[in-house]
Amino acid sequence: MRKSGFLLAALLPVAAMAQPAPAPKLIVAISVDQLSSDLFDEYRGQFRGGLARLAQGTLFRNGYQAHAASETCPGHSTILTGAHPSRNGIIANTWFDLNAARSDKAIYCAEDERVAGSSSSSYTVSPVHLKVPTLGELMKARNPASRTVAVAGKDRAAVMMTGQRPDQRWYWNGKTFATDLKTAPVPVSVSAANQAVAALVAAPGEPLASPPFCTARARSVAVGETSVGNGKLGRAAGDARAFRATPAFDGMALALGARLIDELRLGRGAVTDLIAIGLSATDYVGHSFGTKGEEMCLQLHSLDRDLGDFLRLLDSRGLDYAVMLTSDHGGDDLPERLRLSGVAEAARSLPELEPAALGKRLGAELKLAGPVLVGASANGDVYFDATLKPADLRRARSAALAAYRAHPQVEAVFTSDQLARTALPTTPPDRGTLAERARASFDPARSGDLVVLLKRHITPIAVPGKGYVATHGSPWDYDRRVPIIFWRPGAVANMRAEAVETVDIMPTLAAMLSLPIDQAKVDGKCLTNVSGIICPPR
Ligand code: ZN
């Protein structure tokens with residue numbers, strides 16, 4: 001008996017896989033910003049709501065953002081394009097164009113810097129930098145009746161998941177849900193959501209009630225002049241910045257998404273529609289409090305509940321929908337708490353590694369004027385001052401390479417020439433060298449002259465400030481490994497351990513819709529082990 005039961009269990013998923021399901025009428029593509037596989041694994045046993053339900057679909061525990069620059073914009077750019085940043089152009093949240101016409105040489109990934117008045121900090125939102133089409137664009141190209149809508153806590157999440165000319169695109173701009181499109185009339189859902197969120201932010205945010213598994217994680221850890229670890233995510237009235245690091249921020253995005261599905265009658269037409277939803281609060285909680293405290297526990301507990309409510313609402317409408325959920329990147333805990341838990345090498349990057357500081361030192365040593373080095377962080381892309389004369393540039397280059405290579409916090413430094421010669425990785429994403437990971441983030445026109453990768457658990461926030469204590473952005477697995485879930489009502493639980501990539505999501509969803517894609521134009525491949533989806537022959 002036991003043996004036949006086992007056999008039946010082993011055969012069932014295969015039988016389920018062999019049956020392609022008809023295309024759903026609505027694809028709900030959800031990105032939970034900074035939801036690492038480490039977090040998902042840690043909390044999976046506690047989920048009772050939407051995340052528990054979705055985990056009953058096909059769950060790839062080892063999904064990878066396969067590129068090195070594990071930031072929000074690149075991460076979101078891979079999810080619905082099937083393309084690495086090296087192909088889609090979104091190499092970082094911010095890169096530098098030292099020849100840009102404007103005085104601000106930093107270029108924000110989701111801006112159009114050609115618009116007068118746009119700057120990297122106060123920018124004109126645009127998809128102009130995304131070089132490849134998104135799934136929504138391909139669906140529209142096949143049938144213009146297919147509609148694409150985005151709702152997100154961050155403009156870069158909404159823009160990178162929907163690309164050019166979606167039907168609606170709404171993102172939080174710090175005060176309200178806004179759009180870069182000329183959307184007229186503004187849907188009633190959006191006006192209503194903006195009124196509701198204004199009232200919510202204006203009132204104080206009460207501390208959340210902690211379930212026992214969260215109080216078990218409460219422990220105060222000193223960091224800089226403050227402490228984290230036992231917070232309840234309460235906030236002062238009117239504090240819109242703190243609001244982003246509370247579950248209510250995701251709750252508002254989900255509520256707006258649900259209202260737009262109703263108002264626009266998504267999933268009720270003859271062809272499939274797509275809604276992309278970017279849930280950003282987990283990322284703000286991670287940056288503000290780290291990943292291992294009571295705060296993150298409360299965030300994930302609330303997100304699980306709110307996602308459950310959202311899915312129940314879709315059920316109640318009788319919609320034929322499919323959900324894909326993943327993340328743009330993972331995250332690391334703050335070094336102060338990592339050290340307490342035995343990760344002895346965890347540390348903050350030294351201020352001397354900031355491009356401005358190192359450039360100043362090299363300039364003094366080599367008697368060069370100007371900044372010598374330009375870059376946003378100790379980790380990632382670094383550019384040489386474009387005004388250096390060729391002979392000075394050569395001296396600066398060898399001195400900078402020597403300085404980075406000698407630094408105890410630096411794992412590797414690659415030159416743009418080196419990365420241009422490196423082939424894209426063909427090995428599974430859990431392997432792959434650091435050079436290959438950096439190659440998947442490399443665009444010759446946008447990337448730095450040097451790409452600096454810090455050692456494991458070196459947090460590139462030298463001094464905790466502006467409320468940020470922890471981050472991501474490294475080529476290490478805690479920042480790259482994310483869950484990838486495909487779920488439809490009636491799904492058979494199918495937990496997968498093989499390493500797959502977020503660039504595989506788009507070809508897989510395309511197969512679900514029998515939408516042909518040109519394999520030469522994407523980096524990902526249709527995942528063969530998703531229940532209900534049959535990949536086209538290659
Ligand atoms: Zn992010």
Side-chain angles (χ1 to χ4, degrees), residues 29-40 63-81 84-85 88 90-95 108-111 120 123 125 129-130 150-162 171-174 241 243-247 249-250 253 276-291 295-296 299-300 303 324-334 376-377 379-381 440-441 459-461 466-484 501-503 505:
I30 302 173
S31 166
V32 178
D33 202 314
Q34 204 183 131
L35 181 65
S36 65
S37 283
D38 291 337
L39 276 179
F40 197 84
Y64 281 83
Q65 291 281 0
H67 53 272
S70 54
E71 296 186 333
T72 299
C73 217
H76 282 99
S77 77
T78 68
I79 295 172
L80 292 178
T81 64
H84 293 305
N88 72 38
I90 307 302
I91 60 149
N93 282 349
T94 302
W95 60 82
Y108 175 60
C109 60
E111 74 160 319
S120 58
Y123 45 78
V125 173
H129 294 305
L130 184 64
V151 176
K154 295 183 184 176
D155 53 53
R156 54 189 176 275
V159 167
M160 296 305 153
M161 289 198 289
T162 49
Y171 46 81
W172 182 250
N173 71 357
R241 190 182 159 84
F243 169 69
R244 302 181 309 181
T246 68
F249 186 38
D250 287 345
I277 301 183
L279 303 175
S280 312
T282 305
D283 186 65
Y284 288 114
V285 169
H287 284 302
S288 306
F289 308 104
T291 60
E295 300 94 344
M296 183 59 83
Q299 162 59 21
L300 294 180
L303 173 66
M324 187 290 301
L325 182 143
T326 189
S327 181
D328 56 340
H329 53 73
D332 202 12
D333 199 19
L334 50 141
S377 164
N379 183 70
D381 295 286
S441 280
T459 297
I461 302 176
K466 288 192 198 162
Y468 277 21
V469 300
T471 194
H472 49 84
S474 84
W476 304 113
D477 280 3
Y478 51 77
D479 281 348
R480 293 199 314 149
R481 200 171 69 95
V482 295
I484 298 176
E501 307 183 30
T502 53
V503 291
I505 292 170

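Atoms within each ligand, like the ligands themselves, are counted from 1 in listed order. Fair warning: this is a prediction, and the values are worked out from it, not measured in the lab.
Under the rule for a side-chain hydrogen bond (donor to acceptor under 3.5 Å, both in side chains), E295 has no partner lying at least two apart in sequence or in another chain. Partners of Y108 by side-chain hydrogen bond (donor to acceptor under 3.5 Å, both in side chains), not counting sequence neighbours, listed by chain and number: D155, R156. For S120, the side-chain hydrogen bond (donor to acceptor under 3.5 Å, both in side chains) partners two or more places apart in sequence, or in a different chain, are D104.
Proximity of a side-chain donor or acceptor of S441 to a complementary backbone N or O of A69 within less than 3.5 Å is detected.
Counting only protein N, O or S atoms, 4 lie closer than 2.8 Å to the Zn ion (ligand 1).
Considering only heavy atoms from C-beta on, V125 stays 4.5 Å or farther from N173 through its side chain.
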Full working for side chain to side chain donor-acceptor pair (under 3.5 Å) between T502 and Q65: CA-CA 6 Å; T502 53; Q65 291 281 0; 3.0 Å; yes
